[in-house]
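Computation of the quantities below employed the complete heavy-atom set of this structure, encompassing side-chain atoms and omitting hydrogens, waters and symmetry-equivalent molecules. Remember, predicted model here, so these are calculated numbers, not experimental data. Throughout, a chain's letter reflects where its sequence line sits, starting with A, and its residues are numbered from 1.
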There are 2 protein chains.
Amino acid sequence: MKLSSQAQAFVLHFGEMGSRWGFNRTVGQMFALLTIHNKPVNADQLAEALKISRGNVSMGLKELQAWRLIELHHQPGDRKDYFTASGSIWDLARTVFEERRKRELDPTLTLLRQLLLTEPRDEQETEAQKKIQEVYSLLEMLDQFANTLSKLEHKDLAKLMKLGSGLNKLLDLKAGAKAKKPGK
Amino acid sequence: MKLSSQAQAFVLHFGEMGSRWGFNRTVGQMFALLTIHNKPVNADQLAEALKISRGNVSMGLKELQAWRLIELHHQPGDRKDYFTASGSIWDLARTVFEERRKRELDPTLTLLRQLLLTEPRDEQETEAQKKIQEVYSLLEMLDQFANTLSKLEHKDLAKLMKLGSGLNKLLDLKAGAKAKKPGK
DNA sequence: CTTAATTTTCAGAAATTTCTGAAAATTGTA
DNA sequence: TACAATTTTCAGAAATTTCTGAAAATTAAG
């Protein structure tokens, strides 16, 4: 497994960014490598290419499988497990996106919902509740938004991309549609 | 600074989630506390309420100021610095969102742009370039999307929220508009 | 069943991040 | 200016996360 300097840069970068995206450096590197490399790769090759221990590769593959980001293949006459990134780039992004939504938004929404159920006992708590309600509304909207986004098919995505700055124009459109209606 | 059990739960939770949202536990707690508490709070009060060292509070406040999430106030006849969360909940969310976009997307876009400039030297590299291009297109779209979102005013947000599952309906609307005229 | 190839596990090592607290620096007041 | 209140800094301690590598477990072939 010789990596071109391009691939090398790509892999190292996704290692560094990995932590921001929800996995650690080596998992990020493994994922990046499987993504740019179009041939299936086995664990020993990963360990060698990334200069990390075999055990670490095993753990990383397990994690990537839990995220459903990679899939297992076999080469005829070879007992080793081979892996590739699963699905299109958009599929992968969507999976990561969805997973992050689950981890970053859902637990908070659950807690805030609980907090909103209890009656405020004094002025101070009433004020706090108001804030909690605001945070809740906002996060719920983000959650629905993310949820919808992650359900989009590839063709819907293409639609969005064609619109250029997307949301901007969509909002304009909405404003236009609203303006046509009488009243208010 | 006595925290109600509600406030307590809120603060502790945002501490735990903090790392997922880009800051560490104590910074998350400090931010949460300043967010639910409507009176200005000073550093000693934070240290006491969160049971952390005065030095840690100082560092955390510095970080929150760098993010522009809090602002400084003064009480007449008191030399201490007092802090509040700055702006509305939506302002805060937008700031966090924007900051994360900068940290998570921009550096990657910059690298990928560079990688796309160099000519592929063989079949292998040509394939890699294709993948890089795909990743680039996707992330660029996400970036524009996030950028637009973070520029939305509060009233635009309200507009979006009224639409319920937002994007879903917007996309329907768009499809309708393209086909002919919206009937809804 | 036995054996060899392969993968997984996990205790402890290494690396990284966060936190403390005392000392240094800064600030406001007299 | 001198001084006390307050904030900041930062070296090292503590906590947490990641990684290694050898041993255990699993798997497939003969």
Determine all donor-acceptor pairs shorter than 3.5 Å in which one atom belongs to a side chain in residues 63-77 of chain A; sequence neighbours excluded.
{"unit_1": "A:H73", "atom_1": "NE2", "unit_2": "A:T84", "atom_2": "OG1", "d": "2.7"}
{"unit_1": "A:H74", "atom_1": "NE2", "unit_2": "A:D81", "atom_2": "OD1", "d": "2.9"}

Query - Pair B:E127 + B:K130, salt bridge at N-O below 4.0 Å - result: yes

Query - Closest-nucleotide ordering on DNA chain C, the 5'-leading residue of B:V57 and A:N56 - result: A:N56

Requested in this report: Under the salt bridge (charged side-chain N to carboxylate O under 4.0 Å, His left out) rule, collect the residues that match up with A:K62, sequence neighbours excluded.
Outcome: none

Report task. Would you kindly give the CG-to-P distance between B:D81 and D:dT8, to the nearest whole Å? Result -> 7 Å

Side-chain donor/acceptor pairs under 3.5 Å, residues 21-37 of chain B, sequence neighbours excluded:
{"unit_1": "B:W21", "atom_1": "NE1", "unit_2": "A:E104", "atom_2": "O", "d": "3.3"}
{"unit_1": "B:N24", "atom_1": "OD1", "unit_2": "B:T26", "atom_2": "N", "d": "3.2"}
{"unit_1": "B:N24", "atom_1": "OD1", "unit_2": "B:T26", "atom_2": "OG1", "d": "3.2"}
{"unit_1": "B:N24", "atom_1": "OD1", "unit_2": "B:V27", "atom_2": "N", "d": "3.0"}
{"unit_1": "B:T35", "atom_1": "OG1", "unit_2": "B:F31", "atom_2": "O", "d": "2.7"}

Show me the donor-acceptor pairs within less than 3.5 Å that the side chains of residues 46-56 of chain B make with the rest of the protein, sequence neighbours left out.
{"unit_1": "B:S53", "atom_1": "OG", "unit_2": "B:N56", "atom_2": "N", "d": "3.1"}
{"unit_1": "B:R54", "atom_1": "NE", "unit_2": "B:D44", "atom_2": "OD1", "d": "3.2"}

Query raised in the report: Got a donor-acceptor contact below 3.5 angstrom from the A:D143 side chain to the A:E140 backbone?
Result: no

Query raised in the report: In residues 38-53 of chain B, what residues come within less than 4.0 Å of DNA chain D, judged by heavy atoms?
Result: none

**Report entry** side-chain contact (heavy atoms from CB on, under 4.5 Å) evaluation trace for B:V135 with A:F14
**Finding:** CA-CA 12 Å; B:V135 175; A:F14 275 82; 4.3 Å; yes

**Report entry** Approximate separation, where rounding is to 0.5 Å, of A:L111 CG and B:L12 CG
**Finding:** 9.5 Å

Query raised in the report: Any sub-3.5 Å donor-acceptor pair from A:E125's side-chain atoms to A:R121's backbone N or O?
Result: yes

Query - N or O in side chain of A:K80 less than 4.0 angstrom from D:dT27 OP1/OP2 - result: no

Query raised in the report: Can you tell me how far CD of B:E98 sits from CG of B:N147, rounded to the nearest 0.5 angstrom?
Result: 6.0 Å

Report task. Can you run down the side-chain hydrogen bond (donor to acceptor under 3.5 Å, both in side chains) pairs that involve residues 3-12 of chain B, sequence neighbours left out, and say none if there aren't any? Result -> A:T118-B:Q6

Could you run down the sub-3.5 Å N/O contacts of the protein with nucleotides 22-29 of chain C?
{"unit_1": "C:dT27", "atom_1": "O2", "unit_2": "B:R79", "atom_2": "NH2", "d": "2.9"}

Query raised in the report: Does a salt bridge link B:K131 with B:E134, judged by any charged N lying under 4.0 Å from a carboxylate O?
Result: no

Between the protein and nucleotides 11-13 of chain C, which nitrogen or oxygen pairs come in under 3.5 angstrom?
none

Query raised in the report: Mind checking what makes ring-ring contact (aromatic ring centres under 6.0 Å, His included) contact with A:F83, not counting sequence neighbours?
Result: none

Query raised in the report: At what angle, to 10 degrees, do the two end axes of the helix from C:dC1-D:dG30 to C:dA30-D:dT1 meet, given five pairs define each axis?
Result: 20°

Requested in this report: Grab the CD-P distance between B:Q75 and D:dA5 for me, whole Å please.
Outcome: 19 Å

Requested in this report: Say whether, by atom type as modelled, one donor and one acceptor occur between the side chain of A:Q45 and the main chain of A:N42 under 3.5 angstrom.
Outcome: yes

Query raised in the report: For DNA chain C, what residues of residues 12-36 of chain B have any heavy atom nearer than 4.0 Å?
Result: B:N24, B:T26

Requested in this report: Would you mind reading off the distance between A:L61 atom CG and D:dT18 atom P, rounded to a whole angstrom?
Outcome: 17 Å

Query - salt bridge (charged side-chain N to carboxylate O under 4.0 Å, His left out) against A:R103, all qualifying residues, sequence neighbours excluded - result: A:E99

Query raised in the report: In Å and rounded to the nearest 0.5 Å, what is the CG to CD distance from A:L115 to A:Q133?
Result: 11.5 Å

Query - Length of the NZ-C1' vector between A:K62 and C:dT7, whole Å - result: 11 Å

**Report entry** Integer-rounded Å distance: D:dA4 P and B:D78 CG
**Finding:** 19 Å

